[in-house]
Amino acid sequence: MVCEVIAPVLTPFAHGAPDLEVMRGHVTAILEQGADAVFVCGTTGLGPSLSFQERVAILRSISDVTNRIIVQIGGLNMDEVIGLVKECNERDIMGVASFAPYYYQRLPESHLLKYFQNILELSEHPVYIYNYPAGTGKDLDPNFVSKLSVAGIKDTSENLVHSLEYRRKMPSLKVYNGSDFLAAVSLLVLDGTVASAANFVPKLFFTMKRSASKGQTDSLLRAQFLIDEIVELGRKYGYLSSIYDITSYFMGYDVRGPRPPIFPLGQDEREQLLRQLVTLKEQSEEMSE
Ligand code: ELE
């Protein structure tokens, strides 16, 4: 099985707006260094906080530099969801993905199905489901997904059994897991990983993919445990914020910062974080080929 590393790419913000030039440079770098594709406007990309116009601008700008792109188009405004599907239809991309409409916890399953059916009817690209129960409050489980003719599922769950269930019940469906902590095992037993760590250690992911294809589980696990340490450290500061500092430090260029309500780290926090990253960066360089 050919497994893939899909990077859920962060959105660099400067002066309150997406910095598309920096984003294009970042996408180009991570694709050159080891990611197979990018996932834009997802969780790490702060997609739910972007305006429709910003998401269209990101789609246009990034699809100018690569066609290895899956666009997260989900939201609570159906006109905008449909508008984004139509925008995507105009472009050469790999696919569109959507999480479940969130916030309204008592929506019946029939409404959730209609939401995805609308997308499927309109999209000229393969459609992927982004299952993120921790974020949306809804688990689009294998039984739900089996009712839709989607191309694949990105299951963000730390429960591997849950991801494997899609594979067991729908063998032809592409199945990815989105947890950083399950990246190695996803490369071994699923179609791949959509791990946010691919923003800052794309070369390590390249090495991991090779280790997975050769069945070198020792080196694969060493890389996984290093990623775990970095993500755990980042989470202490708020991972959606600290990932900007971690990425700038590891990649050697400035990916700017998040936009409130995802607040950037304070100066003291940043310095503290960077001090703790020094040896982790050295280790990742040693492990990457
Ligand atoms: C994961 C998120 C959330 C990857 C994206 C992704 O960012 O769009 O495990 O809650 O931190 O879904 O990074 O993961 P947790 O696809």
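Only a predicted model underlies this, so the values are computations on that prediction, with no experimental measurement involved. Start at 1 and go down the list; that is how both ligands and their atoms are numbered.
- Under a cut-off of 6.0 angstrom, the local environment of NZ in K203 is sparse, with at most 12 non-hydrogen atoms contributed by other residues, nucleotides or ligands.
- Heavy atoms of F181 stay at 4.0 angstrom or farther from ligand 1.
- Looking from atom 1 (C) of ligand 1 to the surrounding protein, the closest heavy atom is G178 O, 3.3 Å.
- Between T44 and ligand 1, at least one pair of N/O atoms sits closer than 3.5 Å.
- Under a cutoff of 6.0 Å and an axis angle of 45°, K154 and Y128 do not form a cation-pi pair.
- Classification of K114 and E109 as a salt-bridged pair fails, no side-chain N sitting under 4.0 Å from a carboxylate O.
- Close N/O approach between Y132 and ligand 1 is found [any backbone or side-chain N/O within under 3.5 Å].
- Side-chain atoms of Q224 and D228 include a donor-acceptor pair closer than 3.5 Å.
- Summary of contacts: the protein heavy atom closest to atom 5 (C) of ligand 1 is P8 CB, 3.3 Å.
- A side-chain N or O of S219 and one of S211 form a donor-acceptor pair less than 3.5 Å apart.
- Set against the non-hydrogen atoms of G42, the atoms of ligand 1 under 4.0 Å away are 8 (O).
- The distance criterion of under 3.5 Å between nitrogen or oxygen atoms is not met by Y239 with respect to ligand 1.
- Inclusion of T43 in the set of residues having an N or O under 3.5 Å from an N or O of ligand 1 is warranted.
- What sits closest to atom 9 (O) of ligand 1 on the protein, heavy atoms only, is R235 NH2, 3.7 Å.
- The closest approach between Q72 and ligand 1 stays at or above 4.0 Å for every heavy atom of the residue.
- For the pair D64 and R24, the salt-bridge criterion is not met [side-chain N within less than 4.0 Å of a carboxylate O].
- Remark: N159 CG to L182 CG distance equals 8.5 Å, nearest 0.5 Å.
- With 3.5 Å as the limit, one finds a donor-acceptor pair spanning the side chains of N131 and Y166.
- Looking at atom 6 (C) of ligand 1, its nearest protein heavy atom turns out to be K154 NZ, 3.1 Å.
- Contact annotation for T156 and ligand 1: only side-chain heavy atoms (C-beta onward) come within less than 4.0 Å of the ligand.
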